[in-house]
Each structure stands twice: as structure tokens, then as C-alpha cells.
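This structure is a prediction, so every number in the text was calculated from the model and none was measured. Atom set for the values below is all heavy atoms of this structure, side chains included, hydrogens, waters and symmetry mates excluded. To find a chain, count down the sequence lines: A is the first, B the second, and so on, and within it residues start at 1.
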Amino acid sequence: MPRRRFLITAALPYSNGRLHVGHIAGAYVPADIYVRYLRATGADVRFICGSDDNGVAALKTAREQNRAVEELTAHYNASQQRDFAGLGIEFDIFGGTHQPEYVDIHERFSQDFFLKIHEKGLFTKRTAEQLYDLEAKQFLPDRFVRGTCPHCANDQAFGDQCEECGRSMDQTGLIHPVSMLSGTTPELRKTIHWYLRLDRLQSRLSSWLAGKKDARACGAVWRPTVLNQSLGRIESEGLPERAMTRDLTWGVPVPLDDPDAKGKSLYVWFDAPIGYVSFTAALCKQQGEGADGYAHWWKDPDCKVVHFIGEDNIVFHAITWPAMMLATHDSDSLQGKLGEYQLPHNVVANSFLNIKFPGKEEEKISKSRGSAIWIEDYLKSFDPDPLRYYLTAVAPEAARTAFDLDDFIARNNGELLNALGNFFNRTMTFVHNYFDGKVPPAGQRDEQDGRQLERRIQARDRAGEELEACHFKAALGEVMALARAGNAYFDATKPFLSRKNDMAACGRAVNVCFQTARTLTALIAPFLPFTADRCAGMLNLGEGYRNWASAADELPEGHRLGPTQLLIKKLDPKEVFGS
RNA sequence: GGCGGCGUAGCUCAGCUGGUUAGAGCGUGGGCUUCAUAAUCCCGAGGUCGCAGGUUCGAGUCCUGCCGCCGCUACCA
């Protein structure tokens, strides 16, 4: 069987802030689990991420903090890399759309992409009216304008949306607009932009998406929320043309030899997903695979591209980005031929994560209200795996869920430690104390032993199925069920009694427990990589222990264990929250 | 307004294309055990599956209406 190939991306975080638990739960932990799992099955995988540096978001923050946007984005790019590394989220490359090492290659890919679509005639050049700040000498992005909301008379409405009544609008609809740059009243001016003809791609997009409803036909299990939201959008509103350029100098310059393109950049949402491609190209270059190495991943039907994102990115990744790729195709096939950009195999989106502090109401994660738990802070006090565990166990796969600090501690102590950690610990100490640190003989196994051994295979298979379908919560549940079954088996066979009068029976049971622990080590590896490494050390397993296919293979009697250590720390609520 | 989602045991959630007494974990009540970070294991209690209709031999599962919460509506994962 040829080796499966995957190109996995995780949403590019804006490089204008630190990462908090919500970011991690949305796209990054699931993506990392998936990548680790795929690798354990022998697949050839590249895992791509990087910061989204362009666009107004970074510019706005830089302005507020009075620092250069280059410095700001470099700072947060580095900070995010540290956070990811600390959590064991291991990208093959973490680029940045405007970081010094990547900006050239990213601009080239983005501009080529734009030119290709331009060449295909899928842009319309059109004039629109926008607010212009005479003093700052620039057009104003929506978020840089405030004024009175035409719906509810709130005088602090932004150009794109009124936070008071929640309605969205066009910035030209604001009454008494004021520029946040200079405080002056901007004037309405004509400006020219290039609009992507989504309307002409609509029918191909909806056929492509409709094909994703049938998991067997498309080979991937798309989450209903992703499909419903995307298809619902197309059916209800249709796809209008969308401007893919902006009046902005921070970003990728519009690559047209046209006076009207002067001083304009590509829309940040246009260049951001191309970052997935340009970072792949940068990675290929680093690995000596040549400048066109990226095509092996992006333009080959044998490679599956999977995007992990948060719910706010669904429409963009399931509609606009595929539309961009379709717009570069020569043919009108849905998936793309060899040599053309391949539409995503799957788009995996989680909902948002709310947060709940002890004694308070559940609320949205908000930087300004201080309700975020920063990864940087978390890692100062805790190990990464309990967070990975918790965020997977309560992952917002179908609907919003909440990060509840009490629940985090309860699950760490009650599930990770009491079920999983305890099973390892009792098995290990038993082998060390009564069998001289060597795996005892399997002996004459009975039905009960056979059932427990069979459970390991079942757990491996079931967890594998769930992981293939990106059902991470369910997959973790299967793994934890095996740990519980291990504890139940231990109690049922009672080696602590038989050791006094029947060492053969005792050894038989301990052998099965050991084999179970060995399987668990492989099965937890995608979820809890640090813990799995410690388990592998305790069991004295080789590097290949993560291999999924051999996860339930037995180790021979006489196998010598490594030193035992405690796997999971017990968390005391008093210490965690301060007394 | 349009589109989409959610509403199932005290809590957090599973329930695929409708089919035997509605499940798991935690919590709670009771019990066994001592190898283990007083962890484990066994047994039990606890649900009119938001409300009201409808389709069906049969609905948590499909349809309609309603109530409540939430998201998106293109520069906050």
C-alpha cells in the first residue's frame, strides 16, 4: 500500500497578541493530535502554521501600543512559537506572512496567485466609495472609523458593526463619522478595487461542498456545522463579488502594472491562506526539496490537505479559499488535476471556548476583560499534558463548551491521575516489587485474560476510527476506557492476593496489565506526548513505541522495565487558585 | 431580517441513516479491597430526552409551530 500523504494546516494566528486557551482548543491541539496520530500510522505528513502579520489587526494594535508593526509582529510571532513548543504542538514550520525570513517567498506566492486569477479573468475592477482621512492621507479601514449607528443612535459604533445593537453595516452608513487616526471627519472618496467573481464559482463550490455530505464518497468526515454553515450561506445569500484588495500599505502589494493599483495591498484574507502554501514552499526549500517542492503537497491529488480552524473561519476556509484555488484552475473539474491546487480534503472547525472561573458565571474569553488564561502563564505552573487532556475532553466539537477551572482540576485528578496514572503506577510498582523489574511469564491464560488483551486491540481500533474521523473527544474516551478496563482487570484478578500463594497466577495477571500499559502508552501518545514519553521510559520501550499498528503487540516475558516515576501531578485547588 | 447551532440524569456531555428496559464520565448513597499519588473496583439512586402538535406499527432520533440561549452575516482562534 502506498504511503498516505497529508498536508495539515492550523489557522494562522494574528501576530498581535499572546495565545490563550481558546486559541489552543480551537485549532491547534486537535491538529497536533491528528498529525501525531497520522504519523503513528506511518503517513507522510507536513504540519504547517505561522503568524498572520498583514492586515489591519496588527496595524491597529501597533498603533495602540505605539510600536512599529514589524517589531510587534516579530515579538508575537516569537511569543506564539514559544507557547506552541511548550505545549508540544510541533509544526514542521512556523512561518509568518511578514517575518523577515518569509516575507519574500510569501509575497511571491501571493502575487503569483493573484496574477493567475487575474489572468483567468476572475477579477472585476470596480469603483467604490470609502472614507478618507485627509490629515492622515489614507483611506480608513472599517475599524478605524467611529460614528453614530444609523439603527440605534449609539455614537460609538464602529465602521463595520455597532456593538450596541449588534447590527453590521457599511462604513458609509455611519452618521457623523470620525477617524480614529486623526480625530477629524473623513470625507467620502472614490477608490478602485479588484473583486473576486465568487458568483461565477458558486455552482462549482456548492457541488463540491454537497459532495462532502457523503463521507464514503469523499473519503472524509466533514463536521455538519462546517457544511451547514457553508451551504446555508450559499443557498441563502448567494455569493457576491468580494473585494480582494485594500487601500493599505502594510501587506502584500497588488502586483499589477496599473496606476490604479498603486498604494494598495492584497486583502489580508486573500494572502493569509496562501501563507499555508508559501510556508510549505519555505519548508521544502529548507529540506532541500527545491522551490517547486510545494507542488508535491499542494498540487497532487494523492496528497490530502486538511485545514484546522476555529468556527469564525468556516466560511472563509470552506468557501472563499477553495474559490480562490478554483479560480486558478485551467479546467472546471471540482477537485483539481495534477499540477493544480487541490481543494481541501477536510476543513475541521471547533466552536469557541467560553471560560468559567470558580464562583463566577460562564463568560466569553476576553482579553480586555481579563478573562483569558494565557498559555505563557499556564506553562509557568503546570505541565502541558493536563491542558491538552482537558481541552480535548471538553473540546467544543459540536457546540460551545466552557473551560471550567474547577472541572479542569477535577478531571486532572479524577481522570488523568486516578484512572490512567494510577493504572501505570500500580502496574509498575508491582513488577518492580515482586518480579524484580522484569515482565513475568504470560503462563496459561484464561478467558478473563483473553478478554482484557482483546480490549486493547478494540481500543486501538476504535480510537483509530474516531481519530480518522477527527472525533478527538470520542477517541480520547476510548483510550480512557481502556485505562479503566485495566484497573477493573487488576481488581478482578487480584495479583496482590495471589502473590502470597500463587506466583504463577500473579505473574499472569501482571503480564496482562503490563501489556495493557504498553498499549496505552502508544494510544495516549497523540494526545499526551510528554506523558507518553515518560511511560515509554518506564516501560523501557524503543523509539517506535508510537506505532499505531503494533500498539497491541505484546512484549515478551523477561522484558526489563525502566525506573518508575509518577506520571501525573495531583493539583490542589487551594494552590491553584491561591488561598 | 436571513442563515446556522444548541436545549438529554445535580454537573460536563455521547446518542450514525427512527426500533428491545435512553448511555458515559464526574458528583452523590452503599459496599468490597489494599498493589497504587486514600487512588481502584462493585452495586444503587437519579431523566415526562425545552414545550405543543403531526407522520409512523414504533421518535430523543423525521416534519410543523412555539419558547429559551448562542453564533455567523465577510479585518477577534
Side-chain angles (χ1 to χ4, degrees), chain A residues 10-14 16-17 19-28 52 54-60 141-144 158-161 166-168 215 221 224-225 227-237 240 242-243 246 248 267-269 272 308-316 319-320 349-354 364-367 393-394 397-402 404 406-407 410-411 413-415 417-419 421-431 433-434 471 473-474 477 480-481 484 486-492 494-497 499 506 510 513 566-570:
Chain A
L12 305 187
Y14 275 130
N16 69 341
L19 295 172
H20 56 64
V21 290
H23 296 108
I24 298 301
Y28 306 104
D52 181 0
N54 293 327
V56 177
L59 214 53
K60 188 160 182 276
D142 293 336
R143 284 267 152 180
F144 280 24
F158 286 106
D160 56 346
Q161 189 189 33
R167 266 181 276 215
S168 59
V221 181
T225 46
L227 282 175
N228 289 341
Q229 235 183 83
S230 311
L231 281 165
R233 169 66 63 82
I234 294 178
E235 282 158 19
S236 69
E237 300 174 22
R242 288 291 166 187
R246 289 291 187 275
L248 210 64
Y267 175 38
V268 64
W269 274 113
F308 284 81
I309 55 170
E311 68 175 328
D312 57 332
N313 274 341
I314 288 177
V315 169
F316 194 81
I319 295 181
T320 316
N350 270 353
S351 284
F352 282 165
L353 188 72
N354 286 343
K364 291 183 192 179
I365 294 179
S366 158
K367 303 170 204 180
V394 302
E397 288 179 2
R400 285 203 167 193
T401 56
D404 180 333
D406 286 325
D407 195 35
R411 284 178 186 265
N413 294 346
E415 297 180 18
L417 198 167
N418 291 350
N422 179 44
F423 177 67
F424 271 89
N425 194 228
R426 66 199 303 207
T427 301
M428 290 303 107
T429 55
F430 221 87
V431 177
N433 291 346
Y434 303 107
H471 297 158
K473 196 191 286 196
M480 291 305 290
R484 292 196 183 91
N487 278 322
Y489 172 86
F490 201 111
D491 280 283
K494 303 193 194 330
F496 43 86
L497 293 186
R499 77 174 168 85
C506 176
V510 171
C513 289
L566 292 181
L567 273 185
I568 309 292
K569 284 182 201 145
K570 172 160 280 193

How close do [X] and [Y] get, heavy atom to heavy atom, and via which atoms?
| X | Y | answer |
| --- | --- | --- |
| A:Val394 | A:Ala402 | CG2-O, 4.3 Å |
| A:Val268 | A:Tyr14 | CG1-OH, 4.5 Å |
| A:Asn354 | A:Lys364 | OD1-CA, 3.8 Å |
| A:Pro495 | A:Val510 | CB-CG2, 4.0 Å |

For A:Phe490, enumerate each residue passing the ring pair (Phe, Tyr, Trp, His ring centres under 6.0 Å) test, keeping only those at least two apart in sequence or located in another chain.
-> A:Phe430
Could you give the distance separating [M] and [N] at their [atom1] atoms, to the nearest angstrom?
| N | M | atom1 | value |
| --- | --- | --- | --- |
| B:G19 | B:U33 | P | 43 Å |
| B:U55 | B:G60 | P | 16 Å |
| B:A39 | B:C26 | C1' | 15 Å |
| B:G23 | B:G15 | C1' | 7 Å |
| B:G46 | B:A52 | C1' | 27 Å |
| B:U12 | B:G27 | C1' | 11 Å |
| B:G1 | B:U20 | P | 39 Å |
| B:A22 | B:C3 | C1' | 32 Å |

Mind checking [X] for me? I need base, sugar-phosphate or nothing, with any heavy atom below 4.0 Å counting as a touch.
| X | result |
| --- | --- |
| A:Phe352 | base |
| A:Glu235 | nothing |
| A:Asn313 | sugar-phosphate |
| A:Val315 | nothing |
| A:Gly55 | nothing |
| A:Leu353 | base |

Rounded off to whole Å, could you give me the [atom1]-to-[atom2] distance for the [X] and [N] pair?
| X | N | atom1 | atom2 | value |
| --- | --- | --- | --- | --- |
| A:Asn350 | B:G4 | CG | P | 21 Å |
| A:Leu227 | B:G5 | CG | C1' | 14 Å |
| A:Ile319 | B:U73 | CD1 | C1' | 12 Å |
| A:Gln229 | B:G4 | CD | C1' | 6 Å |
| A:Arg233 | B:G71 | CZ | C1' | 12 Å |
| A:Asn228 | B:G71 | CG | C1' | 13 Å |
| A:Glu311 | B:C6 | CD | C1' | 12 Å |

Going by the rule side-chain contact (heavy atoms from CB on, under 4.5 Å), which residues pair with [X] if we only count those two or more places apart in sequence or in a different chain?
| X | answer |
| --- | --- |
| A:Ala349 | A:Val226, A:Ile309, A:Ile314 |
| A:Asp404 | A:Lys356, A:Tyr390, A:Asp406, A:Asp407 |
| A:Ala474 | A:Glu466, A:His471 |

Checking [X] now: which residues fulfil salt bridge (charged side-chain N to carboxylate O under 4.0 Å, His left out) with it, not counting sequence neighbours?
| X | value |
| --- | --- |
| A:Lys570 | none |
| A:Arg484 | none |
| A:Lys60 | A:Glu64 |
| A:Arg499 | none |

Whichever of A:Ser351 and A:Phe316 has its nearest RNA chain B nucleotide further upstream toward 5' | A:Phe316
Where are the stems of RNA chain B, defined as at least 3 consecutive Watson-Crick or wobble G-U pairs with both distances under 3.5 Å?
-> B:1-7 with B:67-73, B:10-13 with B:23-26, B:28-31 with B:41-44, B:50-54 with B:62-66
B/S/- along nucleotides 34-42 of chain B (protein heavy atoms under 4.0 Å) is SBBB-SBS-
Of all the choices, B:G71, B:G5, B:A74, which nucleotide is nearest to the side chain of A:Pro240 once you look at every atom?
-> B:A74
Select one nucleotide: of B:U73, B:G4, B:C70, the one nearest the side-chain heavy atoms of A:Lys364.
-> B:C70
Between the protein and nucleotides 10-14 of chain B, which nitrogen or oxygen pairs are less than 3.5 angstrom apart?
none

Residues in side-chain hydrogen bond (donor to acceptor under 3.5 Å, both in side chains) contact with A:Gln229, at least two apart in sequence or another chain | none
